[in-house]
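See structure below.
Letters A, B, ... mirror the listed sequences (proteins, then strands); counts begin at 1. Below, each value reflects all heavy atoms present in this structure, side chains not excepted, and no hydrogens, waters or symmetry copies.
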Amino acid sequence: GAVVSQHPSWVICKSGTSVKIECRSLDFQATTMFWYRQFPKQSLMLMATSNEGSKATYEQGVEKDKFLINHASLTLSTLTVTSAHPEDSSFYICSAYFSGNNEQFFGPGTRLTVL
Amino acid sequence: GNSVTQMEGPVTLSEEAFLTINCTYTATGYPSLFWYVQYPGEGLQLLLKATKADDKGSNKGFEATYRKETTSFHLEKGSVQVSDSAVYFCALTPGQNFVFGPGTRLSVLP
């Protein structure tokens, strides 16, 4: 099956700093990628839809100025958590949509801890 | 709107027991239905899917049937193993966006 990678797999940062998370589709082109957030023992919450070459579409309640999304190519989307605070600590998961079989492939996730 | 409801966990079973995790959905149109599994510390892996009514998805001994009349997609396995311990998410997609259920944590004891 198709492979989606995320980097880094985990990151620890100080409050007030910014963190960038990369999501790559390794063997297919994805015009659409999705970013999810998962709190401990909870389900995935869709944060935003990232379309290549255009602005991301954010879900209600997600601050677009805090969670910057860039989808500069058909294989790469980045999520930057700006001025991170402890409440931003979470597991962030991306997925890439493969139109060939109408399926999403998920990355392994990035665990962010803000001290 | 679209939503997915799953039975609340955690579910604890002995090895070789029969597993059922209930999933019901609300959706406009005819969504595709999925079961994803998440092992500790990892991302989601597709377990099985069904794209139309009466389809049965199956993989690794797990199976689920798309029941339009009851809007359900219950996950079953005849004999669970310790390695099946994970969180299972039922999901639907009317298009590209996914709507996930809350997840059901399964623990299988030896």
Is it the backbone or the side chain of B:Leu46 that comes under 4.5 Å from a heavy atom of chain A, or both, or neither? side chain

Among A:Tyr36, A:Tyr97, A:Phe91, which residue forms the greatest number of heavy-atom pairs with chain B at distances under 4.5 Å? A:Tyr97

Heavy atoms, side chains only, cut-off 4.5 Å: are B:Phe98 and A:Leu46 in contact? no

Distance-only donor-acceptor hits, side chain of residues 25-33 of chain B, under 3.5 Å, sequence neighbours excluded:
none

In terms of heavy-atom contacts, does NZ of A:Lys66 have more than 12 from other residues, nucleotides or ligands at under 6.0 Å? yes

Could you tell me which residues in residues 50-82 of chain B have at least one non-hydrogen atom under 4.5 Å from a non-hydrogen atom of chain A, sorted by residue number? none

With hydrophobic residues grouped by side-chain heavy-atom distances under 4.5 Å, do A:Trp35 and A:Tyr58 end up in a single group? yes

Does atom NE2 of A:His85 have more than 12 heavy-atom neighbours, drawn from other residues, nucleotides or ligands, at distances under 6.0 Å? yes

Tell me whether B:Val4 is reachable from A:Met45 by hopping between hydrophobic residues (I, L, V, M, F, W, Y) whose side-chain heavy atoms are closer than 4.5 Å. no

Does the side chain of B:Gln38 reach to within under 4.5 Å of the side chain of A:Ile93, using non-hydrogen atoms? yes

Distance from A:Gln104 atom CD to B:Leu44 atom CG, nearest 0.5 Å? 10.0 Å

With a 4.5 angstrom heavy-atom cut-off, could you sort out which part of A:Gln38 is near chain B: side chain, backbone, both or neither? side chain

Does A:Val62 share a hydrophobic cluster with A:Leu112, counting links as ILVMFWY side-chain heavy atoms below 4.5 Å and allowing steps through other members? yes

Hey, quick one: are B:Trp35 and B:Tyr39 part of the same hydrophobic cluster, counting side-chain heavy atoms closer than 4.5 Å, chains of contacts allowed? yes

Give a yes or no on whether the backbone of B:Gly103 and the side-chain of A:Ser43 come within a donor-acceptor separation of less than 3.5 Å. no

Return the option, out of A:Ser95, A:Pro108, A:Gly107, A:Ser9, with the maximum number of heavy-atom pairs under 4.5 Å with chain B. A:Pro108

Does B:Leu48 share a hydrophobic cluster with B:Val37, counting links as ILVMFWY side-chain heavy atoms below 4.5 Å and allowing steps through other members? yes

Within the 6.0 Å centroid threshold, strictly below: B:Phe100 and A:Phe106: yes

